[in-house]
Peer 1: 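Take this structure first; my questions come after.
Just so you know, residue 1 is the first one in the sequence shown, and it goes up from there.
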Amino acid sequence: SGNPEAIGLEPLDALDMFGAVVDRLATVFDFVLVDTPPLNASVDGAAFASKLDGVVMVIRARKTTASAVEQAIARFGASKIVGLVLNDVG
């Protein structure tokens, strides 16, 4: 987070750097997990998802609407989803 101009990077440069870091980590680890802001709350989550092999969506029970889930899926395509977590159930 923060202002990309403060470190002299354009947003696309930062996204490419993120992709390079993830690629490097993938050579060392079996799984690389990235926690992002909610996909419908900012463009960051969808931008990061474009650099990842898959997405595990976390859905909050009784709070996240079906239309919000559908919108998030539409942002990057259902084929990218590798799992769902339903939290705050109890």
Side-chain angles (χ1 to χ4, degrees):
S1 90
N3 182 356
E5 293 175 17
I7 57 172
L9 294 175
E10 293 296 321
L12 290 177
D13 292 336
L15 187 58
D16 287 341
M17 287 176 59
F18 169 77
V21 169
V22 169
D23 289 344
R24 175 69 177 114
L25 291 171
T27 66
V28 178
F29 300 102
D30 293 332
F31 297 96
V32 178
L33 301 177
V34 178
D35 187 15
T36 68
L39 292 175
N40 293 340
S42 76
V43 297
D44 292 345
F48 287 134
S50 72
K51 299 292 183 179
L52 304 171
D53 292 334
V55 173
V56 175
M57 290 182 59
V58 179
I59 301 167
R60 188 178 217 172
R62 296 177 301 280
K63 173 112 174 150
T64 306
T65 64
S67 65
V69 172
E70 290 169 353
Q71 289 173 0
I73 292 169
R75 272 212 169 149
F76 49 80
S79 64
K80 197 104 163 154
I81 298 172
V82 297
L84 297 170
V85 174
L86 183 62
N87 72 358
D88 210 10
V89 175

Peer 1: Roughly how far, to the nearest 0.5 Å, is CG of Leu86 from CE of Met57?
Peer 2: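 Taking CE in Met57 and CG in Leu86, the distance rounds to 11.5 Å.
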Peer 1: Under the side chain to side chain contact (heavy atoms under 4.5 Å, CB included) criterion, do Val82 and Val55 qualify, and how do the steps go?
Peer 2: CA-CA 6 Å; Val82 297; Val55 173; 5.9 Å; no
Peer 1: Check whether any side-chain N or O of Arg60 sits under 3.5 Å from a backbone N or O of Val89 as a donor-acceptor pair, and report yes or no.
Peer 2: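 Not a single qualifying donor-acceptor pair exists.
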Peer 1: For the pair Asn87 and Ile59, evaluate side chain to side chain contact (heavy atoms under 4.5 Å, CB included) and give the outcome as yes or no after the intermediate values.
Peer 2: CA-CA 6 Å; Asn87 72 358; Ile59 301 167; over 6 Å; no
Peer 1: When rounded to the nearest 0.5 angstrom, what is the spacing between CD1 in Ile73 and CD1 in Ile81?
Peer 2: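 That separation rounds to 4.0 Å.
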Peer 1: Go through Val56 and Val85 one step at a time and tell me if the side chain to side chain contact (heavy atoms under 4.5 Å, CB included) criterion holds.
Peer 2: CA-CA 7 Å; Val56 175; Val85 174; 3.8 Å; yes
Peer 1: Looking at Lys80 and Ala49, what are the two nearest heavy atoms and their distance?
Peer 2: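 Smallest interatomic distance, heavy atoms only, reads CE-O, 2.8 Å.
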Peer 1: Please set out all donor-acceptor pairs under 3.5 angstrom arising from side-chain atoms of residues 22-36, sequence neighbours excluded.
Peer 2:
residue : atom : partner : partner atom : Å
Arg24   : NH1  : Thr27   : OG1          : 2.9
Thr27   : OG1  : Arg24   : O            : 2.6

Peer 1: For the residue pair Ala47 and Ser50, what are the closest heavy atoms and their distance?
Peer 2: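 Here Ala47 and Ser50 meet closest at O-OG, 2.5 Å.
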Peer 1: To the nearest 0.5 Å, what is the distance between NZ on Lys63 and CG on Asp88?
Peer 2: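 If I round to the nearest 0.5 Å, the distance is 9.5 Å.
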